[in-house]
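Report on the following structure.
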Number of protein chains: 2
Amino acid sequence: MSLNPDPNPVDTLDHPHIQEYFAFGISVDCVVFGYDGIDVKVLLIERGTDPFKGYQAIPGDLVHPTEDAVTATERVLKDLTGLTNVYLEQLQTFAGVDRHPLGRVATIAYFSLLKIGDYNPKPSSWATDAQWTPIQDLGEMAFDHKEIFDAALERLQMRVRQKPIGFELLPAEFTLADLQHLYETLLNTQFDKANFRKKILAMDLLLAMDKTQKAVRHRPARLYQFDAARYEALSKRGFHFEL
Amino acid sequence: MSLNPDPNPVDTLDHPHIQEYFAFGISVDCVVFGYDGIDVKVLLIERGTDPFKGYQAIPGDLVHPTEDAVTATERVLKDLTGLTNVYLEQLQTFAGVDRHPLGRVATIAYFSLLKIGDYNPKPSSWATDAQWTPIQDLGEMAFDHKEIFDAALERLQMRVRQKPIGFELLPAEFTLADLQHLYETLLNTQFDKANFRKKILAMDLLLAMDKTQKAVRHRPARLYQFDAARYEALSKRGFHFEL
DNA sequence: TTGATAAGTGTACATTTTACATTATCCAAA
DNA sequence: TTTGGATAATGTAAAATGTACACTTATCAA
């Protein structure tokens, strides 16, 4: 026995109890990743009210009636960090019946990468509670947010191998050692220095600066920038980044 | 000026106009792929009513208040094909403000792979209109369904290289030439027969049957089965399928 | 018996990956 | 000015993998 005697309610919206089908809230949640040169971190809110008071939560909000999901996520990010042009990718939608104790809310999860130095908490909003948390030591998380986080991390680890998005987490100028350490931390592996460097440079995606590190007590490393325009051009010719 | 004076409506649901935030419908749409030995096909509905009467549409339905998204999708698939255990993967959620002319409906898109021989249209439902359509010659599609289809095909092409899900589209027993032709069709490429066969067999994912093709006018090829249990075991040891 | 057809195998060559050794450059301290 | 510590940066040989293509095998049908 189906709850749905109408053969095709989504098309015509003329089901006798159609209003019951339009009682959903839709939220967006955004897992924001950063990297400080040592750890991969995630930006989390400590909840100040029930339900889940004191638990860590992924920043998010209900989608407004007049905005689409990406717009809502960008709004959340702007309110949270002051930033507008950050890497954003839709992750997965979580629509379990009981995932929110106070109503039927489906959440469209995103993840975002930003340069941790650009982070600029907005003191006038709930973002004051936002904390960069190393991904190894998360506390208990509200709702199904642990599940969302796990999915985001897994997706990030996968994506970072096949698209040159690691650079979104680094300062504009970085050394090859910085880049290698980021990948090693993110993917929980070790790379041979010589081979890593050959592989990356062979892709021809980096712009060598005429600068080096300062204030190090050893031979200073050359600084590089990611050449986004070059990546665009190569992509059109069938190039695809790997590892 | 924000529509949202409450700092955190999704958490507490105590916004003064909260009911406006709970006026969404959520649907699921499922792009169903099949393969008949020649073409990759997709199962589409021809719409009998406005809006978009006469256009092709991806099968879907509104999510009921008491079911989650996967359950809704499995229900749609069951109604459509009679099948219950098919490969199903969440694709992406489309939540544009104006994507549905009759109301604010966000759709969670899935894609599904099934053995075309198992397809068994249910004559008592709207599935009677369902048609296997070769993916090269789609007609005009309703709503934003073309966009959804394109995303599904792209995802399928990507996924089929890194997970052994091509077998979901083949009969339980198949020849290596069948498998090669499937991949060539799906990915729009050509493989060297000898190398393809070496690569696949080296993965040790196929069970060689003591059977061969019948009724062919040349040397009959050996039949194989996909060994799902073996794949499980290998996966746990870090193996990962590629191409 | 033979030819057509596709199944299935072998191999040499090119390319990429891997492991590890070596050289280069800067700073700081002697 | 020299030397040692540290990491940057490069070189190379062996191993592994990918590629191209020729060759052999099995079945059917004429």
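Remember, it's a predicted structure, so these values are computed and weren't measured experimentally. Every chain is numbered from 1 and lettered A, B, ... according to where its sequence line falls, protein lines coming before strand lines.
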Self-check item: Selection residues 219-236 of chain B - residue pairs positive for salt bridge (Lys or Arg N to Asp or Glu O under 4.0 Å), sequence neighbours left out
Solution: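 Checked against salt bridge (Lys or Arg N to Asp or Glu O under 4.0 Å) - neighbours excluded - the pairs reaching residues 219-236 of chain B are B/Asp204-B/Arg230.
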Separation of [N] [atom2] from [X] [atom1] (nearest whole Å):
X: B/Leu179; N: C/dG8; atom1: CG; atom2: P; answer: 13 Å
X: A/Gln190; N: C/dA19; atom1: CD; atom2: P; answer: 12 Å
X: A/Phe191; N: C/dT17; atom1: CZ; atom2: P; answer: 12 Å
X: B/Arg222; N: D/dT27; atom1: CZ; atom2: C1'; answer: 15 Å
X: B/Phe196; N: C/dT9; atom1: CZ; atom2: P; answer: 15 Å
X: B/Gln213; N: C/dA6; atom1: CD; atom2: P; answer: 11 Å
X: B/Lys214; N: D/dA26; atom1: NZ; atom2: C1'; answer: 13 Å
X: B/His181; N: C/dA7; atom1: NE2; atom2: C1'; answer: 16 Å

Practice problem: Mark up nucleotides 25-30 of chain C, 5' to 3', with B wherever a protein heavy atom is under 4.0 angstrom from a base atom, S wherever such an atom reaches only the sugar-phosphate, and - elsewhere. | Solution: BBS---
Practice problem: Encode nucleotides 13-21 of chain D as B, S and - characters from 5' to 3', where the letter depends on protein heavy atoms closer than 4.0 Å: B to the base, S only to sugar-phosphate, - to neither. | Solution: ------BBB
Self-check item: Residues which pass side chain to side chain donor-acceptor pair (under 3.5 Å) with A/Asp68, listed by chain and number, not counting sequence neighbours
Solution: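 Partners of A/Asp68 under the side chain to side chain donor-acceptor pair (under 3.5 Å) test: A/Thr71.
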Quiz prompt | Ring centres under 6.0 angstrom apart (A/Phe94, A/Phe143) | solution =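 That pair fails the under 6.0 Å test.
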Exercise. Please name all residues satisfying salt bridge (Lys or Arg N to Asp or Glu O under 4.0 Å) with B/Lys198, sequence neighbours left out, ordered by chain then number.
Key: none
Quiz prompt | Residues forming a ring-ring contact (aromatic ring centres under 6.0 Å, His included) with A/Tyr55, sequence neighbours excluded | solution =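 Listed in chain order: A/Phe52.
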Quiz item: Closer than 4.0 Å, any side-chain N/O of B/Arg197 to the OP1 or OP2 of C/dT9?
Solution: yes
In residues 178-187 of chain A, what donor-acceptor pairs under 3.5 Å come from side-chain atoms, sequence neighbours left out?
{"residue": "A/Asp178", "atom": "OD1", "partner": "A/Thr175", "partner atom": "OG1", "Å": "3.4"}
{"residue": "A/Asp178", "atom": "OD2", "partner": "A/Thr175", "partner atom": "N", "Å": "3.0"}
{"residue": "A/Asp178", "atom": "OD2", "partner": "A/Thr175", "partner atom": "OG1", "Å": "3.2"}
{"residue": "A/Gln180", "atom": "NE2", "partner": "A/Glu184", "partner atom": "OE2", "Å": "3.0"}
{"residue": "A/Gln180", "atom": "NE2", "partner": "A/Phe191", "partner atom": "O", "Å": "2.8"}
{"residue": "A/His181", "atom": "ND1", "partner": "A/Tyr35", "partner atom": "OH", "Å": "2.5"}
{"residue": "A/His181", "atom": "ND1", "partner": "A/Gly37", "partner atom": "O", "Å": "3.4"}
{"residue": "A/Glu184", "atom": "OE2", "partner": "A/Phe191", "partner atom": "N", "Å": "2.8"}
{"residue": "A/Thr185", "atom": "OG1", "partner": "A/His181", "partner atom": "O", "Å": "2.7"}

Self-check item: Minimum-distance pair of heavy atoms, taken over all atoms of B/Leu44 and B/Met141
Solution: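 Nearest pair, atom of B/Leu44 first, then B/Met141: CD2-CE, 3.8 Å.
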Quiz item: Residues in side chain to side chain contact (heavy atoms under 4.5 Å, CB included) with A/Gln162, at least two apart?
Solution: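 Per chain and number, A/Gln162 pairs via side chain to side chain contact (heavy atoms under 4.5 Å, CB included) with A/Met158, A/Arg159, B/Met158, B/Gln162.
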Quiz item: With A/Pro134, which residues qualify under side chain to side chain contact (heavy atoms under 4.5 Å, CB included), at least two apart?
Solution: A/Asp39, A/Lys41, A/Gln136, A/Asp137
Practice problem: Classify the side chain of A/Lys193 versus the base of D/dA9 as yes if they form a donor-acceptor pair under 3.5 Å and no if they do not. | Solution: yes
